[in-house]
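Below: one structure, written as structure tokens.
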Amino acid sequence: MQLLLIHSDYIEYETKKQTPVAEKIEESLKSGRLEEALTAFMAVESIDEANPEGTIKKTVSEIEKVATQVKTNRIMLYPYAHLSSDLSSPKVAVQVLKGIETALSGKYEVKRAPFGWYKAFSISCKGHPLSELSRSIRPEETAKAAGKVEVCGEKEVVSEALKAESTAKSYWRILTPDGELHEIENFDLTPYPKLQQFVDYEISKSRAVERAPPHVELMRRLELADYEPGSDSGNMRYYPKGRLVKSLLENYVLDVATDFGAMEVETPIMYDMNHPTLKKYLDRFPARQYSIESDKRQMFLRFAACFGQFLINHDMTISYKNLPLRMIEMTRYSFRKEQRGELVGLRRLRAFTMPDMHSLCADMDQAVDQFKKQYDLCIDVLDNIGIHIKDYEVAIRFTRDFYESNKELIVNMARTVNKPVLIEMWDTRFFYFVLKFEFNFVDALAKASALSTVQIDVENAERYDISYVNPDGKLERPTVLHCSPSGAIERCIYALLEKAAMETEEGKVPMLPVWLSPTQVRIVPVSEKHVAFVEEVSQKLDCRVDIDDRDLSIGKKVREAGREWVPYVVVIGDKEIEDGTINVTIRAESGQNKPKKVQITPEELNSRIKGEIAGKPYRKLPLAKYLSVRPKFF
RNA sequence: GCCUCGUUGGCUCAGCCCGGUAGAGCGAGUGACUUGUAAUCACUAGGUCGCGUGUUCAAAUCACGCACGAGGCUCCA
């Protein structure tokens, strides 16, 4: 429902011509006038169809509130379709308009302009500060359902849920590894500047971005990713190096999940808004989804893999012997139509890649046991990606009831990371989970973003009618865990780049982990005549090697290798051909303007790199080996 | 919905205030050099200055309108 309220000296209308949807009216209603009245121009929207009674109730209370403020007891209800681009059916609109009229007519002098007619009107607006107000009214169930549907992953992505969250009463605390809960005001955060920033960010709920964060320039300069003007905002293009890094991260998380016992599946990207299980809440808040029309059907693009996996679970025959039952999907993509101003670089996107794992557990005991294991798993995954415990802040959120019966679990979580963590506790359960944690990366601009998360979901098994057979042969509802071991893949890249930017400011030399570096070894021949030998050396190296055979000075080639963050730079000339060793600049051990150079054999370099990338996925060089034939992407 | 700022070769930007037929660096191409660790030298190509209208002898420059982008505010019962 869209409302435009005008406090007017008078309002006057006259019907001209009826449209096909016009309501039948008496002659007396064909014109009307009210002096000193509040005029409510209104448009009933398709979103209101789900609950016309609720819409009526809320609209009436809004109008009454304003009528009281402007001290008038005359109200003109005026249907005005132009307020919305998503109108309800005429039938519902008339129903709602009449309902509002009836509800108000007891206390006020009410007139209602007829629906579905072309009308001439004149109005005189009083012009005082309260005389022009607009309101959008949304059905209550929307916010509630949206909260419940904030099923997977990053806490901040479904802002409907945030709205509910912002009205929920939260108790904030700091939990220290010794198990003490501290009031935030009484806890000295000075030794923990990043936690301080995270706490400020969380509690103030201020999420505006003032300037482009450093990773935006880096993602372009390193030719990883870029904005795509031909698409919608927040849908990025990835150049070969970016695709490589993404692919390695995706494969890594999948490998880890497989080792953990998860089965990889693939589910559709788009769903029918009218599917019985999805319909009841989805078609009420299309705002946050991409919706697309396919022939006559309304589809939406998934914002997580929950639907697909739960729909599979629903159809499965599951025994208690199969539990915990874990499935994972690398969702390329999940789509969320985030508000324009919230999109930034790789931090927050409208299309992103998220590993989404769900575990069906027999009961709360098994769920808690899994939760612990997945907490440790997440720490390990991020650590291997290059984001360590010191690089993020832990938030643990739960209901009071859950805390009372699981104190030991929660204290152990703080003990594991061995530093203070932020606690948020609710008296009552507003959401589908009773316990969740996230690891939050705090970037160079003090903005926090969630990476890994695990949640214990006590609602969706019921909603999707998922059950398993217990030892007595009876059907039971499982408890469901949601887990994104790394968080969104793009966001991991963002975190790595932001971390590198912060380290640069501290005087360190920035780089990506070797297993993620697009070029692992760059060989620079001293002159053209060394190229053949360089090619031989490159074949002794079992990694991503490229050769800078361009007609440039050594100095320039070395500088460019540095600007690309190449971990190992090798210069080869006559000397190397003679003694069989190579000169290697090791980026990880260099300082700014202090290159660390060693003279070793190709075999030694090879085994060093092999050790560094052991156990990680590997892909071949995504670009031409010889730089002279490589294109520039911008 | 409102406000501010921006839009000039592939990229980054100058020129606009005080109108006089468009500039730099990087990148690209060609040639020279055959090179030992953070930018070798020279030359060449490349722009109807976001779109439209107006003012003017003359508009990248001034005015108005529009489009797109970035940011902020408001709203998000």
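Letters A, B, ... mirror the listed sequences (proteins, then strands); counts begin at 1.
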Whole-Å distance between [N] [atom2] and [X] [atom1]?
| X | N | atom1 | atom2 | result |
| --- | --- | --- | --- | --- |
| A:Tyr239 | B:G10 | OH | C1' | 11 Å |
| A:Glu223 | B:C11 | CD | P | 13 Å |
| A:Lys529 | B:C33 | NZ | C1' | 13 Å |
| A:His530 | B:U37 | NE2 | P | 14 Å |
| A:Arg630 | B:A28 | CZ | P | 13 Å |
| A:Leu4 | B:U74 | CG | P | 20 Å |
| A:Asp549 | B:U34 | CG | P | 18 Å |

- Query: Looking only at heavy atoms, what is the nearest atom pair of A:Pro595 and A:Thr585, with distance?
  - Reply: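 Residues A:Pro595 and A:Thr585, closest heavy atoms: CB-CG2, 4.0 Å.
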- Query: Using a heavy-atom distance cut-off of less than 4.0 Å, which residues of residues 516-528 of chain A contact RNA chain B?
  - Reply: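 Per residue number, the list reads A:Val526, A:Ser527, A:Glu528.
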Donor-acceptor side-chain pairing of [X] and [Y] below 3.5 angstrom:
| X | Y | result |
| --- | --- | --- |
| A:Glu490 | A:Tyr333 | no |
| A:Ser538 | A:Lys625 | yes |
| A:Arg550 | A:Ser628 | no |

Check [Y] with [X], please: is the shortest side-chain N to carboxylate O separation under 4.0 Å?
| X | Y | answer |
| --- | --- | --- |
| A:Arg347 | A:Glu498 | no |
| A:Glu564 | A:Arg522 | yes |
| A:Asp226 | A:Arg220 | yes |
| A:Glu101 | A:Lys111 | no |
| A:Glu589 | A:Arg608 | yes |

Distance between the [atom1] atoms of [N] and [M], in whole angstroms?
| N | M | atom1 | value |
| --- | --- | --- | --- |
| B:G29 | B:G15 | C1' | 28 Å |
| B:C26 | B:C43 | P | 13 Å |
| B:A67 | B:A28 | P | 39 Å |

- Query: Where are the stems of RNA chain B, defined as at least 3 consecutive Watson-Crick or wobble G-U pairs with both distances under 3.5 Å?
  - Reply: B:1-7 with B:67-73, B:10-13 with B:23-26, B:28-32 with B:40-44, B:50-54 with B:62-66
- Task: Only pairs at least two apart or in different chains count here, so list each ring pair (Phe, Tyr, Trp, His ring centres under 6.0 Å) that has a residue in residues 214-237 of chain A.
- Result: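 For residues 214-237 of chain A, and leaving out neighbouring residues, the ring pair (Phe, Tyr, Trp, His ring centres under 6.0 Å) pairs sorted by first residue read A:His215-A:Tyr494.
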- Mind jotting down which residue pairs meet the ring pair (Phe, Tyr, Trp, His ring centres under 6.0 Å) criterion with at least one end in residues 530-582 of chain A? Sequence neighbours excluded, please.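 Every candidate ring pair (Phe, Tyr, Trp, His ring centres under 6.0 Å) pair involving residues 530-582 of chain A fails, so no pair, neighbours aside, qualifies.
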- Query: Does A:Arg221 have a side-chain nitrogen or oxygen under 4.0 Å from the phosphate oxygens OP1 or OP2 of B:U12?
  - Reply: no
- Would you mind telling me which residue lines up with the more 5' stretch of RNA chain B, A:Ser61 or A:Arg220, judged by nearest nucleotide? A:Arg220
- Could you check whether A:Lys557 gets within reach of a base, just the sugar-phosphate, or nothing at all, counting any heavy atom under 4.0 Å?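 If one applies the 4.0 Å heavy-atom cut-off, A:Lys557 turns out to touch nothing in the nucleic acid.
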- Message: Tell me which pairs pass salt bridge (charged side-chain N to carboxylate O under 4.0 Å, His left out) where either residue lies in residues 565-587 of chain A, with sequence neighbours left out.
- Response: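 For residues 565-587 of chain A: none.
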- Note on the structure: Each nucleotide of nucleotides 38-43 of chain B classed B (base within 4.0 Å of a protein heavy atom), S (only sugar-phosphate) or -, in 5' to 3' order, makes BBB---
